[in-house]
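Everything on this sheet refers to the single structure shown next.
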Amino acid sequence: MDKSFLNWPFFEDKHRALQAEVDAWAAKNLPADHGDVDASCKKLVADLGAAGFLKHSGAGDGEKLDVRGLCLIRETLARHDGLADFAFAMQGLGMGTVSLFGNLEQRQWLAKTRSGEAISAFALSEPKSGSDVANIECSAELRGNHYVINGEKTWISNGGIAVFARTGEAPGAKGLSAFLVPAGTKGLEIAERIDVVAPHPLARLKFNEMELPPSAMIGQPGQGFKIAMSVLDVFRSTVGAAALGFARRALDETLNRAANRELFGAPLFDLQMVQGHIADMALDVDAAALLIYRAAWTKDMGAERVTREAAMAKLYATERAQEVIDKAVQIHGGDGVRKGSVVESLYREIRALRIYEGASDVQKIVIARQAMGEIK
Ligand code: COS
């Protein structure tokens with residue numbers, strides 16, 4: 001794989017070393033067995049923890065999240081195995097709320113997710129509110145000295161969770177709060193398991209009179225919407241990075257195919273039409289990488305908000321990766337759609353990334369509003 005991007009000024013030596021370490025580990029240990037995704041994910045989390053990579057998924061005491069490190073790990077794991085990327089990514093997103101806004105007591109959980117001892121999740125979406133976060137219905141009512149949570153969350157990856165619920169300080173976006181919920185909490189029910197094109201642990205959850213102490217609240221009452229958006233601002237670039245990993249793998253597979261497959265008495269690569277596709281793919285990969293590492297670097301340099309940069313990185317990288325992979329499938333011919341082939345699995349893996357953590361359509365709304373804000 002072309003690693004010249006690692007010489008870009010966005011990176012420091014520690015990033016180059018991290019990428020090399022993760023790549024070497026992934027080449028030896030991945031892909032994982034995807035037969036039983038629950039068991040595979042548990043093993044992947046334990047293995048990634050034992051290898052020391054999960055400590056990058058959240059900020060330890062006195063540390064700041066290193067978004068460039070997060071992106072490099074995601075793109076490298078995704079290039080080797082989408083499920084390994086998923087297992088790593090959820091430790092980060094699930095604990096992002098605690099990493100960025102948690103108090104000392106809540107941060108004790110972070111030690112467990114950074115070692116692989118606990119698995120985390122992020123419960124924001126609901127049956128009636130996916131893109132429209134301000135419309136959350138799940139309620140948290142203060143009764144005596146407890147919050148009582150009632151409602152549903154859906155499309156939730158993993159189990160022990162940060163839940164966003166309506167505490168009602170004000171209508172809409174200003175009446176939401178975030179809570180830290182250990183998986184064993186009474187009243188938390190897994191109502192349905194959801195199967196998707198690239199399977200991973202996914203469920204609809206129900207909260208029935210679930211009691212939480214006020215100390216479970218992350219941040220201040222009524223701050224939940226802004227907390228969720230700030231967490232997404234950080235992690236959206238990493239979704240782009242995973243898409244980039246998939247696209248890089250598709251490009252590598254295509255180069256290999258074009259060099260080794262003969263057609264009309266010459267390697268496939270000799271066809272100008274194939275060269276045209278490869279040029280488009282290589283250009284998309286580099287342009288996506290520039291947007292992703294621009295966003296990650298900007299955050300790491302201390303920017304309070306990277307809303308525009310992260311939205312651009314996620315939108316461009318995921319949409320273009322879909323195109324890159326589609327071209328790879330085409331150039332692989334029948335092998336491109338053979339179940340179990342690398343490009344066939346990339347074709348399934350990429351699709352959800354254009355939807356989760358803010359669909360492409362939402363990223364366009366975000367980018368347009370940011371652009372308008374700049375000229376107002
Ligand atoms: N960081 C910090 N604050 C933010 C923010 C961000 N990225 N984005 C918005 N806010 C603030 C706004 O500044 C505003 O605060 P004030 O009223 O004090 O000015 C408040 O939050 C409400 O913002 P806005 O009016 O833009 O909210 P909308 O309800 O119009 O929604 C979208 C905005 C659609 C962009 C938002 O709901 C979104 O990102 N949806 C996608 C959700 C998603 O990613 N779901 C996937 C779940 S995880 S798999």
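Start at 1 and go down the list; that is how both ligands and their atoms are numbered.
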query = Any protein heavy atom lying closer than 4.0 Å to atom 5 (C) of ligand 1?
reply = yes
request  = Report the relative orientation of the aromatic rings in F86 and H200; use parallel for angles under 30°, tilted for 30 to 60°, perpendicular for over 60°.
outcome  = tilted
remark   = ligand 1 to S125, heavy atom cutoff 4.0 Å, flagged ligand atoms 47 (C)
inquiry  = Strictly below 4.0 Å, N to O, side chains only: are K299 and D233 in salt-bridge contact?
reply    = no
request  = For ring-ring contact (aromatic ring centres under 6.0 Å, His included), just list the numbers for F164 and F225, CA-CA rounded to whole Å, side-chain angles, deciding distance to a tenth of an Å, and then say yes or no.
outcome  = CA-CA 8 Å; F164 291 84; F225 185 91; 9.5 Å; no
message = Just to be sure I read this right, does ligand 1 sit under 4.0 Å from the backbone of F225, its side chain, both, or neither, counting only heavy atoms?
response = side chain
key: Minimum-distance protein heavy atom relative to atom 45 (N) of ligand 1   = G130 O, 3.7 Å
query = Can you tell me if I365 has a non-hydrogen atom under 4.0 Å from ligand 1?
reply = no
ask   = Roughly how far, to the nearest 0.5 Å, is the CG atom of D23 from the CD1 atom of I73?
value = 12.0 Å
query = Is the centre of the W8 ring less than 6.0 Å from the centre of the Y293 ring?
reply = no
task = May I ask you to say whether R354 pairs ionically with E319, meaning some side-chain N is under 4.0 Å from a carboxylate O?
result = yes
remark   = For K174, the atoms of ligand 1 under 4.0 Å from one of its heavy atoms are 16 (P), 17 (O), 18 (O)
request  = Kindly say whether R114 contributes a backbone atom to a donor-acceptor pair with the side chain of Q91 at under 3.5 angstrom?
outcome  = no
query = Between Y147 and F179, does the ring centroid distance fall short of 6.0 Å?
reply = yes
Cationic N near anionic O, under 4.0 Å, R79 to D252 = no
query = What do you think, any protein heavy atom under 4.0 angstrom from atom 47 (C) of ligand 1?
reply = yes
ask   = Would you call R143 and E211 a salt bridge, taking side-chain N to carboxylate O under 4.0 Å as the test?
value = no
inquiry  = Tell me whether D13 is salt-bridged to R16, with the criterion being a basic N under 4.0 Å from an acidic carboxylate O.
reply    = yes
ask   = Would a search of protein heavy atoms around atom 19 (O) of ligand 1 find one under 4.0 Å away?
value = no
key: Nearest-option assignment for atom 8 (N) of ligand 1, heavy atoms, candidates E304, K226, Q223, R305   = R305
message = Show me which atoms of ligand 1 lie under 4.0 Å from any heavy atom of D233.
response = 1 (N), 6 (C), 7 (N)
N-O pairing of E75 and R248 below 4.0 Å = yes
inquiry  = Below 4.0 Å, non-hydrogen atoms only: which portion of V133 touches ligand 1? Side chain, backbone, both or neither.
reply    = both
request  = Among all protein heavy atoms, pick out the one at the shortest distance from atom 38 (C) of ligand 1; state its residue, atom name and that distance to 0.1 Å.
outcome  = M229 CE, 3.6 Å
query = Looking only at distance, does R236 have an N or O less than 3.5 Å from an N or O of ligand 1?
reply = yes
query = What protein heavy atom is closest to atom 35 (C) of ligand 1, reported as residue, atom name and distance in Å?
reply = V366 CG2, 3.6 Å
request  = Could you say whether the N/O atoms of D132 and ligand 1 ever approach to under 3.5 Å?
outcome  = no
query = For atom 49 (S) of ligand 1, what is the nearest protein heavy atom, given as residue, atom name and distance?
reply = E357 N, 3.3 Å
message = If the cut-off is 4.0 Å to any non-hydrogen atom of R369, which atoms of ligand 1 fall inside it?
response = 24 (P), 26 (O), 28 (P), 30 (O), 33 (C)
note = Near L124 (heavy-atom distance under 4.0 Å), the atoms of ligand 1 are 47 (C)
request  = Decide, yes or no, whether a salt bridge links R193 with D38 under the criterion of side-chain N to carboxylate O below 4.0 Å.
outcome  = yes
ask   = Which heavy atom of the protein is the closest neighbour of atom 37 (O) of ligand 1, given with residue, atom name and distance?
value = S131 O, 3.2 Å
task = Enumerate the atoms of ligand 1 whose separation from the nearest heavy atom of L232 is less than 4.0 angstrom.
result = 43 (C), 44 (O)
query = If you count the atoms of ligand 1 from 1 in the order shown, which ones are under 4.0 Å from a heavy atom of A134?
reply = 29 (O)
inquiry  = Only heavy atoms of G358, strictly under 4.0 Å: list the atoms of ligand 1 that pass.
reply    = 43 (C), 44 (O), 45 (N), 46 (C)
